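Scroll down for the structure; my scribbles are underneath it.
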Amino acid sequence: MKEIKILSRGGQGAVTAAKILVAAAIKESKYGQAVPNFGQERKGAPVYTFARLDQEPISTHTYVYHPHAVVLFDLFLMELGIDPCVGLRENAILVANTPVDPAKLEIGLSFAKIGCVDAWEVTKEIIGPVPPNAAMLGALARTTGWVGIDAVCTALEGFMPGNKGAKNAACARAAYERTMVYAQ
């Protein structure tokens with residue numbers, strides 16, 4: 001089983017991203033689970049969301065305390081005192097929303113593999129001023145390989161039918177292509 005901790009701020013689309021990630025896993029005949037934790041339900045407040053992916057049915061329903069991967073929607077969360085490195089498993093993976101080269105990302109020392117993409121920029125170019133969740137899903141697919149980009153795009157199109165889904169799928173594909181991956 002792969003356990004994922006998604007760190008974001010309210011309004012950035014992480015809860016929706018976890019649901020779409022699970023739908024993508026199901027498209028690939030895998031099992032998935034999304035577990036949101038809202039805390040203060042307001043725009044800009046820290047949001048912890050968790051997901052699990054596996055080849056077998058998932059029986060646990062707790063938060064993720066020892067993630068295989070951390071998806072960081074906003075580096076500013078660290079300035080708020082949130083440490084994305086808490087509880088990491090050995091050889092953990094980081095997927096970060098930043099234009100910084102992953103080899104130069106300071107928090108990257110705690111991770112065996114790092115994927116970085118400027119998800120805000122990709123999203124703005126393709127969709128407009130909306131949350132970067134589709135782009136972050138593309139970056140997660142590229143960095144981890146735990147779900148394929150085709151399944152992510154199909155899940156996005158199913159979750160958001162019509163032109164909205166097509167644009168989000170295009171955004172995920174563009175982010176997938178632009179994600180810089182660095183393995184230590």
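Because the structure is predicted, anything quoted here is derived from the model rather than measured. The chain is numbered in sequence order, starting from 1. Scope of the values below: all heavy atoms of this structure, side chains included, with no hydrogens, waters or symmetry mates.
Counting heavy atoms from C-beta outward, Q12 and N97 have side chains that stay 4.5 Å or more apart.
For R142, there are no salt bridge (Lys or Arg N to Asp or Glu O under 4.0 Å) partners, not counting sequence neighbours. E28 meets the salt bridge (Lys or Arg N to Asp or Glu O under 4.0 Å) test with K30; sequence neighbours excluded. Contacts of F76 classified as side-chain contact (heavy atoms from CB on, under 4.5 Å), with partners at least two apart in sequence or in another chain: R9, D74, E79, L80.
Contact between S8 and F73 at its shortest, heavy atoms only, is CB-CB, 3.6 Å. The two residues L53 and V147 come nearest to each other via the heavy atoms CD1-CG1, 4.0 Å.
More than 12 heavy atoms of other residues, nucleotides or ligands shown are found within 6.0 angstrom of CZ on F159.
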Per-pair distances, 0.1 Å, donor-acceptor, side chain in residues 162-177, under 3.5 Å, sequence neighbours excluded:
unit_1 : atom_1 : unit_2 : atom_2 : d
N168   : ND2    : K164   : O      : 2.8
R173   : NH1    : D150   : OD1    : 3.0
R173   : NH2    : D150   : OD1    : 2.9

Distance-only donor-acceptor hits, side chain of residues 82-95, under 3.5 Å, sequence neighbours excluded:
unit_1 : atom_1 : unit_2 : atom_2 : d
D83    : OD1    : C85    : N      : 2.9
R89    : NE     : H66    : O      : 2.5
R89    : NE     : H68    : NE2    : 3.4
R89    : NH2    : E3     : OE1    : 2.8

Do any side-chain atoms of residues 99-121 form donor-acceptor pairs under 3.5 angstrom with protein atoms, and if so which ones, sequence neighbours left out?
unit_1 : atom_1 : unit_2 : atom_2 : d
D101   : OD1    : A103   : N      : 2.8
K113   : NZ     : T143   : O      : 2.9
D118   : OD1    : E121   : N      : 3.2

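One distance of note links CG of L7 with CG of L72; it measures 6.0 Å at 0.5 Å rounding. Atom CE of M1 and atom CD of Q55 lie 12.5 Å apart (nearest 0.5 Å). Note that OG1 of T16 is 10.0 Å distant from CG of L137, once rounded to the nearest 0.5 Å. Here the OG1-CG distance, from T179 to L140, works out to 9.5 Å after rounding to the nearest 0.5 Å.
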